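Have a look at the structure below before the remarks.
None of the values given here were measured: they were computed from a predicted structure.
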Amino acid sequence: MTLTLGDMVLRLTLAVVLGGVIGFDREYKNRPAGFRTHMLVCVGAALIALIQRQIELDVINFVRANPDLSDALHSDPARLIAQVVSGIGFLGAGTIIMTKRAVHGLTTAASLWSVAALGLALGMGYYSMAVLAFVLILLVLAVLQRVIRVPELIRIEIVCLNPRTTQVYIQETLRRHQVRLRAEEDDFSYDGRQKSYTNVMTLILPEGLTLYALTEDLSACEDILRVRTVTT
């Protein structure tokens, strides 16, 4: 019993194709890990699974040829695979970027981890499982985001001189851009030293509106001194 050249070519080729398709989605969306990274992760995982599978077959063949040594040989079919599952986390961590406002790259890190699992399934010869996982991963990355949109919440701090005129301008600007206000999280304070008012609010941005466009429009008011995002 041994893996044929055809088996190896089929499994590694499928790893290149399926991993490449998922990587193309990440590349198209300008994410840190793109086409080649996902392809290499999938091929590498498939290769390790192939090695693990070949080791198992070699042990079986050796035991058949030497039955008196069967008690002296042991093969753990999950040892190499377990190292891939944990080791891919280091690569995924490199795609995660943390800023004061949010954490970016978690989806790409998850896609790398999923592609590694996909490669393991291909390398072990579980074609149906791999194809089903591929379809679901692609569905989540490329389709689900367009069907189900999670509203983007931002928390901004507006420092102004005249709160009365500023509040009217802010409300008109938010209404013009169709931005919803989380009124229950509003906060308003006064700084006696600088004679300025600070309004902190949480906003729900509509699809297509960037934070830059909103802050630029808000900053056009002469009474507004500063507009910036703050963390919760």
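- Side-chain contact check for Tyr169 versus Ile224: some heavy-atom pair is nearer than 4.5 Å.
- Linking ILVMFWY side-chain heavy atoms closer than 4.5 Å, directly or via other members, places Val115 and Leu40 in two distinct hydrophobic clusters.
- Cluster membership check: Val168 does not share its hydrophobic cluster with Ile158, using side-chain heavy-atom separations under 4.5 Å among Ile, Leu, Val, Met, Phe, Trp and Tyr.
- Taking CG of Leu161 as the reference point, atom OH of Tyr197 lies at 9.5 Å (rounded to 0.5 Å).
- A distance of 10.5 Å separates OG1 of Thr108 from CD of Glu27, quoted to the nearest 0.5 Å.
- Heavy-atom neighbours of Glu222 CD from other residues, nucleotides or ligands within 6.0 Å: at or below the threshold of 12.
- Taken from CG in Leu218 to CD1 in Ile170, the straight-line distance is 6.5 Å, to the nearest 0.5 Å.
- Hydrophobic cluster membership is shared by Leu47 and Leu10, with clusters built from Ile, Leu, Val, Met, Phe, Trp and Tyr side chains linked at under 4.5 angstrom.
- At least one side-chain heavy atom of Phe134 sits under 4.5 Å from a side-chain heavy atom of Val21.
- Looking at every heavy atom in both residues, Ala45 comes nearest to Ala116 through CB-O, 3.2 Å.
- Proximity of Val41 to His38: side-chain heavy atoms (C-beta onward) are nowhere separated by under 4.5 Å.
- Under the 3.5 Å distance criterion, the side-chain polar atoms of Arg11 are matched with a main-chain donor or acceptor of Gly123.
- Nearest heavy atoms, Thr13 versus Val9: OG1-O, 2.5 Å.
- The backbone N or O of Ala213 sits nowhere less than 3.5 Å from a side-chain atom of Asp217 that would complete a donor-acceptor pair.
- Scored by the side chain to side chain contact (heavy atoms under 4.5 Å, CB included) test, Ala49 finds Leu120, Met124 as partners (sequence neighbours excluded).
- Annotation: the span from Leu138 atom CG to Phe24 atom CZ amounts to 11.0 Å, rounded to 0.5 Å.
- Leu132 belongs to a hydrophobic cluster with Leu136, counting contacts under 4.5 Å between side-chain heavy atoms of Ile, Leu, Val, Met, Phe, Trp and Tyr, direct or through other members.
- Hydrophobic cluster membership is shared by Tyr127 and Ile22, with clusters built from Ile, Leu, Val, Met, Phe, Trp and Tyr side chains linked at under 4.5 angstrom.
- A heavy-atom distance below 4.5 Å is found between the side chains of Leu214 and Leu174.
- Side-chain contact between Val179 and Pro206 is present, with heavy atoms from C-beta onward closer than 4.5 Å.
- One distance of note links CG of Leu14 with CG of Leu118; it measures 9.0 Å at 0.5 Å rounding.
- Closest of all the heavy-atom pairs between Ala15 and Cys42 is O-SG, 3.4 Å.
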(request) Begin from the C-alpha positions of Leu205 and His177 and carry the test side chain to side chain contact (heavy atoms under 4.5 Å, CB included) through to its verdict. (result) CA-CA 9 Å; Leu205 298 187; His177 288 288; over 6 Å; no
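- Atoms CD1 and CD, on Ile51 and Glu56 in that order, are 12.5 Å from each other to the nearest 0.5 Å.
- Val227 has its side chain out of reach of Glu157: every pair of non-hydrogen atoms, C-beta onward, lies at least 4.5 Å apart.
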